Number of protein chains: 2
Amino acid sequence: MARPKSTDKQVALLKAAVQAIASDGLGAPTSKIAKLAGVAEGTLFRYYATKDELINEVYLYLINLMNESIYKKSDPSSTLYERTEAIWNNYIDWGVAHPVENSAISQLAVSEKITAESHERVMQLCIDLHGKDISDLFLTEQNVSTFYVDAVMNALAQVTVNFVISHPAEATKYKQVGFKIMWKGLTQS
Amino acid sequence: MARPKSTDKQVALLKAAVQAIASDGLGAPTSKIAKLAGVAEGTLFRYYATKDELINEVYLYLINLMNESIYKKSDPSSTLYERTEAIWNNYIDWGVAHPVENSAISQLAVSEKITAESHERVMQLCIDLHGKDISDLFLTEQNVSTFYVDAVMNALAQVTVNFVISHPAEATKYKQVGFKIMWKGLTQS
DNA sequence: CTTACATGAGTGATTGATCACTCAGTTAAG
DNA sequence: CTTAACTGAGTGATCAATCACTCATGTAAG
């Protein structure tokens with residue numbers, strides 16, 4: 001074997017792309033991404049054959065990163081309400097604490113460069129992580145799709161994150177209000 | 001006076017930009033927009049000094065267009081529940097019936113090319129149209145911002161539109177489910 | 001009314017900048 | 001040594017924006 005590829009550089013490129021997308025949108029030039037990662041532009045294309053491939057990898061990377069922070073092992077004696085609220089709070093906190101990553105995710109999620117396969121993988125990951133709770137306990141008698149419920153939760157959380165970022169003084173209040181809206185909306189009355 | 005500018009062309013450019021953005025994203029070339037509008041590329045820049053200016057005008061145009069369809073005069077004897085449900089259904093129906101416009105709005109809403117002023121104008125428009133209902137009757141005792149409630153409603157409607165577009169067979173069901181989630185979430189329990 | 005003139009809308013080839021991606025030469029890990 | 005990672009100047013394509021020019025329209029002098 002000759003020189004191996006470096007995981008450090010692979011990750012540095014992902015992180016750099018997140019920064020660049022947050023500040024310049026998806027039009028961020030590969031030259032800038034490479035510079036931020038501390039490698040030559042050519043190296044970028046050794047790790048990711050095309051810019052689109054890089055963008056899709058960035059999307060999956062960010063979703064995984066976020067899910068790791070959101071989904072922590074919970075006290076088995078806790079109620080569903082408590083467990084759901086903990087995940088909700090982790091979600092909002094993560095978004096507020098990582099505005100750059102949050103901005104990048106928002107833009108990637110609606111981009112036409114994200115392939116159907118990437119969307120599929122993200123959906124599957126979310127369902128794997130908290131689909132059981134959702135499908136077992138929310139609206140199941142109405143036979144509502146887990147995908148829909150998950151999308152609703154994400155949308156409400158996203159709105160709350162953006163609101164809290166622009167109104168930091170009322171962060172605690174809107175975190176609570178947002179959770180109550182979600183809970184009341186999604187559970188049986 | 002010389003030849004006056006044509007409102008027809010101005011509107012044709014806006015409509016063409018919507019098409020182009022829906023199919024190519026915000027990277028849609030001005031040459032394509034001009035071609036779709038049936039004018040020369042140079043003419044585009046007589047009506048809109050820069051591409052960014054055009055993009056902002058497209059955003060305001062779409063929001064106005066959508067609001068016109070959503071907000072129709074309602075029976076004064078109707079209840080708040082009935083009135084709100086009617087607006088909700090109009091919103092979902094409009095999004096489903098206008099997937100191109102809907103796609104363009106989704107992309108424009110998170111673009112960094114939309115100025116703070118444009119966002120401000122859109123918010124103000126929404127508040128002007130249905131802010132009274134919202135602030136008078138939802139969660140007012142908790143002193144929750146009308147902006148937040150409006151953002152929540154928009155997010156829920158957007159999720160529902162996208163879900164209905166990809167699951168047309170269950171359109172009626174998810175329209176109803178979506179409305180119930182919103183109503184239960186936002187009204188006093 | 002007629003006609004010369006003034007104005008600015010309309011055009012599309014051109015320009016200069018930028019970008020994604022390549023490749024020949026260089027470096028370093030095994 | 002061998003081999004593949006690494007580099008960054010180079011390339012061709014693309015794009016936003018410009019510009020010199022045409023022509024439709026409105027104005028006013030005779």
Side-chain angles (χ1 to χ4, degrees), chain A residues 1-61 104 107-108 111-115 118, chain B residues 1-61 104 107-108 111-115 118:
Chain A
M1 279 284 199
R3 191 148 44 144
K5 278 192 200 174
S6 135
T7 309
D8 283 2
K9 275 173 189 151
Q10 217 227 129
V11 174
L13 281 164
L14 290 175
K15 288 184 177 174
V18 171
Q19 295 287 129
I21 289 169
S23 81
D24 297 6
L26 294 172
T30 49
S31 57
K32 181 171 182 173
I33 296 170
K35 195 171 228 171
L36 282 169
V39 301
E41 195 173 358
T43 304
L44 185 155
F45 290 94
R46 215 150 251 297
Y47 286 83
Y48 305 97
T50 63
K51 191 187 177 187
D52 279 12
E53 187 183 314
L54 169 63
I55 284 173
N56 277 272
E57 292 297 324
V58 168
Y59 184 49
L60 296 169
Y61 162 75
Q107 299 192 53
L108 289 164
S111 163
E112 75 289 8
K113 304 207 166 178
I114 302 297
T115 64
S118 293
Chain B
M1 281 280 209
R3 189 154 35 150
K5 277 191 197 173
S6 136
T7 308
D8 283 2
K9 274 173 189 149
Q10 218 228 130
V11 174
L13 280 164
L14 289 174
K15 288 184 176 172
V18 171
Q19 296 286 128
I21 289 169
S23 81
D24 295 6
L26 293 172
T30 50
S31 59
K32 181 169 182 175
I33 296 170
K35 195 171 227 171
L36 282 169
V39 302
E41 195 174 359
T43 306
L44 186 155
F45 290 94
R46 280 203 178 273
Y47 285 83
Y48 304 98
T50 64
K51 192 188 176 187
D52 278 12
E53 186 182 315
L54 169 63
I55 284 173
N56 277 270
E57 292 297 324
V58 168
Y59 184 50
L60 296 169
Y61 163 76
Q107 299 192 53
L108 289 164
S111 163
E112 76 288 8
K113 304 206 166 180
I114 301 297
T115 64
S118 293

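Given the structure is predicted, the values throughout are model-derived calculations rather than measurements. Just so you know, these numbers use all the heavy atoms, side chains as well, and skip hydrogens, waters and symmetry mates. Chain letters run A, B, ... following the sequence lines, proteins first, then strands; residues in each count from 1.
Regarding A:Glu41, its CD atom lies at a distance of 15 Å from the P atom of D:dC6, rounded to whole Å. Taking atom NZ of A:Lys113 as the reference point, atom C1' of C:dC19 lies 11 Å away to the nearest angstrom. A:Leu26 has its CG atom 15 Å from the C1' atom of C:dA20, to the nearest Å. Nucleotide D:dA17 holds its P atom 9 Å from the CD1 atom of B:Ile55, rounded to whole Å. Atom NZ in B:Lys35 sits about 14 Å away from atom C1' in D:dT14, given to the nearest Å.
The residue among A:Gly42 and B:Lys9 whose nearest nucleotide of DNA chain C lies closer to the 5′ end is B:Lys9.
For B:Glu41 and B:Thr30, the side-chain atoms include at least one donor-acceptor pair closer than 3.5 Å. Side-chain atoms of B:Gln10 and B:Tyr48 form a donor-acceptor pair, as typed in the model, at a separation below 3.5 Å.
Atom OG of B:Ser23 sits about 7.5 Å away from atom CG of B:Leu36, to the nearest 0.5 Å.
The base of C:dT7 does not come close enough to the side chain of B:Arg3 for any donor and acceptor atom to sit less than 3.5 Å apart.
Nearest nucleotide to the A:Pro29 side chain, out of C:dT11, C:dC19, D:dA17: C:dC19. Looking at the side chain of A:Thr50, the nearest of the listed nucleotides C:dT11, D:dA5, C:dC21 is C:dC21. Listed nucleotides D:dC6, C:dT22, D:dA16 differ in distance to B:Thr30; the shortest reach to its side chain belongs to D:dA16. With C:dA29, D:dA16, D:dT7 as the candidates, the nucleotide lying closest to the side chain of A:Val39 is D:dT7. Of the candidate nucleotides C:dA9, C:dA29, C:dA20, C:dA20 has the atom nearest to the side chain of A:Phe45. Residue A:Pro4 places its side chain closer to C:dA29 than to any other of C:dA9, C:dA29, C:dA20. When the nucleotides C:dC21, C:dG10, D:dC6 are ranked by their closest atom to the side chain of B:Tyr47, C:dG10 comes out on top. Of the listed nucleotides (D:dA17, C:dA20, D:dG8), C:dA20 has the atom at the smallest distance from the side chain of A:Lys51.
Side-chain nitrogen and oxygen atoms of A:Arg46 include none within less than 4.0 Å of the OP1 or OP2 phosphate oxygen of D:dC6.
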- request: I would like to know whether A:Leu14 and A:Leu54 meet side chain to side chain contact (heavy atoms under 4.5 Å, CB included); could you show each step before the answer?
  value: CA-CA 8 Å; A:Leu14 290 175; A:Leu54 169 63; 4.2 Å; yes
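A donor-acceptor contact shorter than 3.5 Å is absent between the side chain of A:Asp24 and the backbone of A:Pro29.
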